[in-house]
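To start, the structure under review is shown below, and the notes come after it.
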2 protein chains.
Amino acid sequence: MSEKLSDAVTKAWVRLVRARHAVVSAVEADAKEAGVLPLEWYDVLWDLERHEEGVRPFELEQRLLFAQYNLSRLIDRMVDAGLVKRMICPTDKRGQMLFITDLGKKQRKASWPHYARAVNTHLGEKLTEAETEKLAALLGKLIER
Amino acid sequence: MSEKLSDAVTKAWVRLVRARHAVVSAVEADAKEAGVLPLEWYDVLWDLERHEEGVRPFELEQRLLFAQYNLSRLIDRMVDAGLVKRMICPTDKRGQMLFITDLGKKQRKASWPHYARAVNTHLGEKLTEAETEKLAALLGKLIER
DNA sequence: TGCCGATCAATGCAGATGCATCCATATAGA
DNA sequence: TCTATATGGATGCATCTGCATTGATCGGCA
């Protein structure tokens with residue numbers, strides 16, 4: 001039971017954690033400086049904006065990897081902030097449909113250039129185009145299923 | 001100011017976040033099942049174990065990317081649990097030296113095989129050796145200063 | 001139709017985190 | 001040496017998260 005990890009796997013594991021932390025916190029720091037929406041809020045709004053027909057919380061949960069109780073409360077806050085609208089789901093009375101509001105669209109749009117610039121700075125500019133594609137492909141394999 | 005992100009950069013960004021989340025949460029779930037130390041605790045103990053001469057909190061902060069106030073309280077908990085010992089730093093009275101206790105060593109050692117197995121399952125087995133090395137190399141470029 | 005296990009979502013409570021600030025000591029410079 | 005500034009670390013407070021549980025409805029099946 002005293003398993004071994006190859007050096008390569010150990011290194012990839014450590015760096016996966018470190019690199020994500022480094023990039024995300026740098027991006028968030030830039031965003032905060034610019035006074036734009038938190039990343040999670042942005043992600044939710046972006047998903048809602050691409051699904052004008054409405055989104056069920058559990059879908060968001062799966063797509064964005066939220067814990068159920070966290071998402072529930074995140075939505076509360078976003079509703080309070082006027083960025084998201086909750087409606088009873090017509091086909092399932094347990095559930096609800098979520099929609100982005102006009103204010104939500106406006107704020108998401110205003111946040112976008114800041115995130116784009118930050119991601120370019122902290123990720124895009126550190127790799128060549130080919131390397132970036134390779135990285136995305138490899139990370140993709142870790143996500144499957 | 002309405003910057004653009006290439007598709008490759010966007011995809012790499014999203015997958016970096018998702019892949020790390022998927023792998024870490026799968027590993028933590030396995031670890032929790034086995035009733036072993038939380039990942040952060042493990043990381044701290046491992047760092048302390050490799051520096052028997054003692055570690056300053058701010059070093060740990062830099063190496064493991066902790067926020068200062070989080071680390072301060074994490075150490076509190078670990079001291080309470082008897083895994084870490086705090087001593088006044090002889091060369092800087094503002095600071096302290098941290099050491100792992102025998103209990104800390106024992107628990108870290110007991111946790112290791114579970115983490116090794118989980119990391120192998122959720123990362124190692126999803127990539128070939130060559131892919132793993134390539135991934136580590138690319139992630140390395142994202143971390144560089 | 002009536003019942004039972006599964007699913008969607010909310011919530012009370014304890015513990016963790018972020019932010020700002022504070023205290024103590026160290027260090028550089030006049 | 002004396003002062004100003006920087007650094008190491010702790011902490012009060014508000015917020016967020018995790019866990020377990022609850023309430024409501026759904027869907028399958030007898």
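Here is how names work: the chains are called A, B, and so on, in the same order as the sequence lines, proteins then strands, and each is numbered from 1. None of these values were measured; they are calculated from a predicted model.
- Protein atom CG of B/Leu74 is 14 Å distant from nucleotide atom C1' of D/dG9, rounded to whole Å.
- The residues A/Asp47 and A/Arg63 are annotated as salt-bridged, a charged nitrogen and a carboxylate oxygen being separated by less than 4.0 angstrom.
- One finds no side-chain N or O of A/Gln68 lying less than 4.0 angstrom from the OP1 or OP2 phosphate oxygen of C/dT7.
- For the OP1/OP2 pair of D/dA10 and a distance below 4.0 Å, the side-chain nitrogens and oxygens of B/Arg86 include at least one atom meeting the criterion.
- Close to D/dA10, at under 4.0 Å from its OP1 or OP2, lies no side-chain N or O of B/Tyr69.
- Close to D/dG18, at under 4.0 Å from its OP1 or OP2, lies no side-chain N or O of B/Lys32.
- The CG-P distance, from A/Leu98 to C/dA9, rounds to 8 Å in whole Å.
- Distance check, rounded to the nearest 0.5 Å: CZ of A/Arg94 to CZ of A/Phe58 gives 8.5 Å.
- Here the P atom of nucleotide D/dG23 and the CD atom of A/Gln96 are 19 Å apart, to the nearest Å.
- Crowding of B/Asp7 atom CG: a count of heavy atoms from other residues, nucleotides or ligands under 6.0 Å not exceeding 12.
- For A/Asn70, no side-chain nitrogen or oxygen approaches OP1 or OP2 of D/dC16 to under 4.0 Å.
- Look at CZ on B/Phe66: it is 15 Å from C1' on C/dG18, rounded to the nearest Å.
- The interatomic distance linking B/Glu33 (CD) with D/dC19 (P) rounds to 13 Å, in whole Å.
- Nucleotide D/dG12 holds its C1' atom 14 Å from the CG atom of B/Asp76, rounded to whole Å.
- Across A/Arg56 and A/Cys89, no two heavy atoms sit closer than the pair NH1-SG, 3.6 Å.
- Atom CD of A/Gln62 and atom C1' of C/dT7 are 11 Å apart (whole Å).
- B/Leu60 has its CG atom 17 Å from the C1' atom of D/dT7, to the nearest Å.
- Of the two residues contacting DNA chain C, namely B/Arg94 and A/Ile75, the nearest-nucleotide position lying further toward the 5' end is that of A/Ile75.
- Contact annotation for A/Asp92: backbone-only contact, meaning every heavy-atom pair under 4.0 Å involves sugar-phosphate atoms and none involves a base.
- Within the nucleic acid shown, B/Arg73 comes within 4.0 Å of at least one base atom, counting heavy atoms only.
- With a 6.0 Å radius and a threshold of 12 heavy atoms from other residues, nucleotides or ligands, B/Lys11 has its NZ atom at or below the threshold.
- Listed pair A/Arg56 / C/dA9 meets the phosphate criterion, a side-chain N or O lying under 4.0 Å from OP1 or OP2.
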